[in-house]
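Here's the structure, in structure tokens; my notes come after.
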Amino acid sequence: MSQEKKRDLKKVGRRDEASASPNPETVEKGKKMKENIDKLLDEIDEVLEENAEEFVKNYVQKGGE
Amino acid sequence: MPPRIFGLENEYGLIFSPNGRVYLPMEKILGYIFEGLIPNSWPSNAFLCNGARFYQDTGCHPEYSTPECDHLRDLVIHDKAGERLLEACLPMAEKRLREEGLIGEIYIFKNNTDSMGNTYGCHENYLMRRDLDFWKITEQLIPFFVTRQIFAGAGKVLKVSGRTHFFLSQRAQHIHEKTSSSTTSSRSIINTRDEPHADAEKYRRLHIIVGDSNMSELATYLKVGTTAVVLSMIEEGFTVKGMELEDPVKAIRDISRDPTLKKRVRLEDGREWTALEIQMTYWERAQAYLAALGSSADETTRDLIEYWGDVLQKLATNPMELAQELDWVIKKNVMDSFIARKNCGWDDPRVALMDLQYHDVKRNRGLYYLLERQDVVERLATEEEIQRAMTVPPQSTRAKVRGDFIKFAKEKNRSYTVDWTYLKLNGYWEETILCMDPFSSSNKRVDELIAGVAVSHR
């Protein structure tokens, strides 16, 4: 377990003091994420399968468990 | 927490998309996939040298059961290893199809619904003590399972009464009972299947079929981890009372339908609570349990309860802060961005396609993996760990005995028979060895068998 990657955990209960002004770290993280999603969306038409409607319609499975 | 064995069983969706219209029985595609995975053993089910089991399940779905794990992180890694094993079969299976003149691509989705309203599951199993009152425990677990989807849901775009909505969970709309023994007709919140694959006097199985398959490693970590913690605390007497729901089946659907998380569901005593409030109640009990454990609490339990609380806080204030961690939030966030960019609606067929393609296990095509590549998704495991788990069993459970035995038998080119609780080398040394203790990572008789055969092969 020791090698487990530590996430940047915020202590519960810190919210009250933090809620007044947004955490700059969170804001920065959100900005970066938006940029990265935009990059993906720039090429989304190549990424998605052609004929979306037909592809989805044809996706029929037998019921499982 | 006391040690516990758990595992995940994922049924995958499968489709061949030919260039041109060709009818191809699903059995055939599945056959080609399994050829790559387990030569010579199809159609029987097969255990792999990482201790896991692959087989064809009801409705012709490939199903991967992780080896039995006792560390949460191992389980997350082995669940992902199942995806990688299937992904690795694609090129060979497509080649076999090409040889028959069928040009096209095979898609494998780690999700739980198709476009016609059929469902297939992600089952969780938890080994639990038999000497406790199963029904009393499950009564306390039901409100937890009904509300867990606010962090464990994989998200689903669904058209209901003419309007397309975003739902939290893939599976919630397919649940019809509180408790049942069936997994294919009246699917339930608690399934009573009781196969402990261990000493049945000491243990029984908690078999959960209400959950979604997760792409996000952190969502899997939370889904299984919180369940194991809640189970342990209730077993240890940290009961959760007063959360009983008037109609759990209706509640699970209503909660799934509201991604703003504001929906209130009615408790048996008439109060109306949100899923978040119910989860907070469980989390507070878990905090009390953790405090009582004191210094005997392991690091994973501490980390997990802290992370669970952190996630609930963010869900309460701004769920979009979890757009790199939880499947439904990751998915909804990218869909929201897409809809804004394309100026389209939720009913756009491309949004439905994204809903499907998010779960594609092929990493240069699946939307989840493309987001991962863009650094949008936070991970728990490393890719090296996942690749290793494709062939190496968890080192602290019975899976190690099984996996090492299979590896040995294969190297010696010997026929063998294996199940969860026994193994046997076929032929002159034919003796079935029982391995009833899932916590035991070594078995003297298996060691002797291997040593004996190794000598005779010299």
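Side chains included, hydrogens not; waters and symmetry mates left out as well; all remaining heavy atoms used. In the text below, chain A, chain B and the rest are named by the order of the sequence lines, each starting its count at 1.
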Relative to chain A, which segment of [X] carries a heavy atom at a distance below 4.5 Å: side chain, backbone, both, or neither?
X: B/T119; value: backbone
X: B/I209; value: neither
X: B/A323; value: both
X: B/H123; value: side chain
X: B/D336; value: neither
X: B/T113; value: backbone

Would you indicate whether the side-chain heavy atoms of [Y] and [X] approach each other to under 4.5 Å?
X: B/K342; Y: A/D45; value: yes
X: B/L370; Y: A/E43; value: no
X: B/S17; Y: A/N58; value: no
X: B/L367; Y: A/I44; value: yes
X: A/I37; Y: B/F338; value: no
X: B/R341; Y: A/D38; value: yes

Considering only heavy atoms, which portion of A/D42 lies under 4.5 Å from any heavy atom of chain B: side chain, backbone, both, or neither?
both

Please classify the contact between A/N51 and chain B as side chain, backbone, both or neither, with a heavy-atom cut-off of under 4.5 Å.
neither

Residues A/Y59, B/F109; criterion ring pair (Phe, Tyr, Trp, His ring centres under 6.0 Å); working and verdict
CA-CA 10 Å; A/Y59 183 61; B/F109 297 114; 5.0 Å; yes

For [X], I'd like to know if atom [atom1] has over 12 heavy atoms of other residues, nucleotides or ligands within 6.0 Å.
X: B/R302; atom1: CZ; value: yes
X: B/M116; atom1: CE; value: no
X: A/E35; atom1: CD; value: yes

All heavy atoms of A/E65 vs all of B/R171, minimum pair found to be O-NH2, 3.0 Å

To check you understand the geometry: which heavy-atom pair defines the closest contact between A/G64 and B/E11, and what is its length?
CA-OE1, 3.6 Å

Per-residue tally against chain A (heavy atom, under 4.5 Å) across B/L312, B/V334, B/L14 peaks at B/L14

When rounded to the nearest 0.5 angstrom, what is the spacing between [atom1] in [X] and [atom2] in [Y]?
X: B/L371; Y: A/M33; atom1: CG; atom2: CE; value: 10.0 Å
X: B/D375; Y: A/K39; atom1: CG; atom2: NZ; value: 8.5 Å
X: A/E54; Y: B/L353; atom1: CD; atom2: CG; value: 12.0 Å
X: A/N36; Y: B/R373; atom1: CG; atom2: CZ; value: 13.5 Å

Ignoring hydrogens and geometry, is there a side-chain-to-backbone donor-acceptor pair from [X] to [Y] under 3.5 Å?
X: B/Q357; Y: A/V47; answer: yes
X: B/S115; Y: A/V56; answer: yes
X: B/N118; Y: A/K62; answer: no
X: B/E321; Y: A/T26; answer: no
X: A/Q61; Y: B/Y120; answer: no

List the steps and the verdict of side-chain contact (heavy atoms from CB on, under 4.5 Å) for A/L40 and B/V376.
CA-CA 10 Å; A/L40 178 74; B/V376 174; over 6 Å; no

Identify whether the distance between the nearest side-chain nitrogen and carboxylate oxygen of A/E49 and B/R350 falls below 4.0 Å.
no

